[in-house]
Amino acid sequence: MDKIALLKTFVVVANEGSFTRAADRLNTSNQLISKYVAQLEKHLDVRLFNRTTRKIHLTEAGQQCLLHASHILESVNDMEGQLGLLNTHAKGVLHVSAPVSFSTLHLSSALAAFQQAHPSVSVNLQLNDRKVDVVEEGLDVAIRAGHLSNSALVAKKITTIHLALCASPAYLEKYGTPSHPSELKPEHYLEYAYVNYDSDTSELMKALKTNAQKVTPKLVANNGEVLTNVAKQGDGYVLQPTFIAADALTRGELISILDEFVPRPISLYAVYPHRKLVSNKLRVFIDFLCAYFEDTPYWDKRLPRG
């Protein structure tokens, strides 16, 4: 029997002045009430009641115990009420980690809409393309793209991310449009520094990996927007998620090539520690992002179909 339950039983007995009336109020047996009081007395090593054949009276220790128990139970009730309020109304500070380019291009507008809908939630956003340790860094949630392997974390899919191998019209006019990954020129590759070649076994990924090992890429950068902008100038080809390349593809500044060889789509996840109870602020945040971006995000809906 937990201590809070023992204290609750004791307080009811003290207020009712009778084991029998306490049992009726708690909808249990007289014998069980006596057992709980005896357990509390044993735990505290004091006698709480003087018992007669007709009535029970609090001892001096019992009176002191009643004061403390009432205060403890009142505090517990206040705590339950406050936590219940937090669970009902989204409020508090939400610590979020997210990729740089996705945040600047898309998450910023989503956050503005979220805070209009939930003004009591403050967001502390940390931008980083590296995979952060959610637990170690005290984060509520991390937004991650790709394949997840840490079973200690819970992952909820937010949306689908498609990839595109892109080059400018000027580049393709000068060097021709390849029909197979083997025709890509290794010296023109614009490489994303955090690319994981082992995450996909497609012919394109194998070719890009081989080319990067054979010849130093024309440019290596840890920011996809920079690489995409360089590709727009006709200086090479780049593999990027469409949430970065979509605008350039829509305007015709870039053209997607080797579409049939592009790696399969990946997912954007909300990743958070495995807990039995998820705070309401986190729950509504994740639900909002899922509804905002949808499984087919708005940037893909604008892409030219060819």
Side-chain angles (χ1 to χ4, degrees), residues 75-76 78-162 192-196 199 221-226 240-244 246 265-299:
S75 297
V76 170
D78 288 344
M79 178 189 69
E80 290 174 341
Q82 288 298 317
L83 293 180
L85 183 62
L86 284 173
N87 194 44
T88 303
H89 304 286
K91 62 187 299 186
V93 180
L94 198 60
H95 297 272
V96 182
S97 173
V100 178
S101 293
F102 179 77
S103 298
T104 57
L105 295 173
H106 304 288
L107 186 60
S108 54
S109 58
L111 287 177
F114 171 76
Q115 293 192 297
Q116 287 182 354
H118 302 280
S120 296
V121 179
S122 300
V123 177
N124 185 322
L125 178 64
Q126 301 176 24
L127 302 186
N128 207 314
D129 284 338
R130 67 177 174 85
K131 287 189 176 181
V132 299
D133 189 318
V134 179
V135 176
E136 184 70 22
E137 300 187 29
L139 298 167
D140 290 296
V141 62
I143 308 301
R144 289 183 183 170
H147 307 284
L148 306 176
S149 58
N150 191 340
S151 60
L153 300 175
V154 179
K156 174 68 182 293
K157 181 181 176 182
I158 295 175
T159 189
T160 300
I161 295 179
H162 289 85
Y192 179 57
Y194 297 142
V195 65
N196 181 3
S199 65
N222 63 355
N223 183 273
E225 291 174 85
V226 170
Q240 283 294 296
T242 55
F243 67 74
I244 292 179
I266 57 178
S267 296
L268 186 73
Y269 295 99
V271 182
Y272 53 95
H274 183 69
R275 301 184 183 124
K276 290 183 179 179
L277 296 176
V278 176
S279 64
N280 200 43
K281 63 184 179 182
L282 178 56
R283 184 183 301 111
V284 299
F285 180 69
I286 294 174
D287 289 345
F288 185 90
L289 293 184
C290 292
Y292 186 89
F293 292 112
E294 302 181 318
D295 190 58
T296 301
Y298 58 82
W299 56 82

Could you tell me if the side chain of Glu137 sits less than 4.5 Å from the side chain of Asn128, heavy atoms only?
no

I'd like to know if the side chain of His106 reaches the main chain of Phe243, judged simply by a donor and an acceptor atom lying under 3.5 Å from each other, with no hydrogens or angles considered.
yes

Is there a side chain to side chain contact (heavy atoms under 4.5 Å, CB included) between Leu125 and Leu111? Walk through the geometry before answering.
CA-CA 10 Å; Leu125 178 64; Leu111 287 177; 3.7 Å; yes

Considering non-hydrogen atoms only, spot the tightest contact between Phe114 and Val121 and give its length.
CE2-CG1, 3.8 Å

Ignoring hydrogens, what is the shortest heavy-atom contact between Lys281 and Val284? Give both atom names and the distance.
O-CG2, 3.3 Å

Would you confirm whether Glu294, through its side chain, and Thr159, through its main-chain N or O, come within 3.5 Å as a donor-acceptor pair?
no

Can you tell me how far OH of Tyr269 sits from CD1 of Ile143, rounded to the nearest 0.5 angstrom?
13.0 Å

May I have the step-by-step check of side chain to side chain contact (heavy atoms under 4.5 Å, CB included) for Val141 and Phe285, ending in yes or no?
CA-CA 10 Å; Val141 62; Phe285 180 69; 4.0 Å; yes

Scan the side chains in residues 93-103 for donor-acceptor partners under 3.5 Å anywhere in the protein, sequence neighbours excluded, and list what turns up.
from   : atom 1 : to     : atom 2 : distance (Å)
Ser101 : OG     : Glu225 : OE2    : 3.1
Ser103 : OG     : Pro99  : O      : 2.6

Which residues pass the side chain to side chain contact (heavy atoms under 4.5 Å, CB included) test with Ala117, sequence neighbours left out?
Phe288

From CG (Asn223) to OG1 (Thr104), nearest 0.5 Å
7.5 Å

One should read off an interatomic distance between Leu282 CG and Asp287 CG, to the nearest 0.5 angstrom, of 9.0 Å

Rounded at 0.5 Å granularity, tell me how far CZ in Arg144 sits from CD1 in Ile266.
13.5 Å

Determine, stepwise, if the pair Val132 / Gln126 fulfils side chain to side chain contact (heavy atoms under 4.5 Å, CB included).
CA-CA 10 Å; Val132 299; Gln126 301 176 24; 6.0 Å; no

Note: Ser109 and Tyr292 closest approach over all heavy atoms is OG-OH, 3.1 Å

Qualifying residues under side chain to side chain contact (heavy atoms under 4.5 Å, CB included), relative to Ser120, sequence neighbours excluded
Lys91

Mind checking whether Asp129 and Tyr192 have side chains closer than 4.5 Å, heavy atoms only?
yes

So which heavy atom on Gly224 is nearest to which on Gln240, and how close?
CA-OE1, 3.1 Å

Nearest-0.5 Å distance, CD of residue Gln115 to OG of residue Ser122
6.5 Å

So which heavy atom on Leu153 is nearest to which on Pro273, and how close?
CD2-CA, 3.9 Å

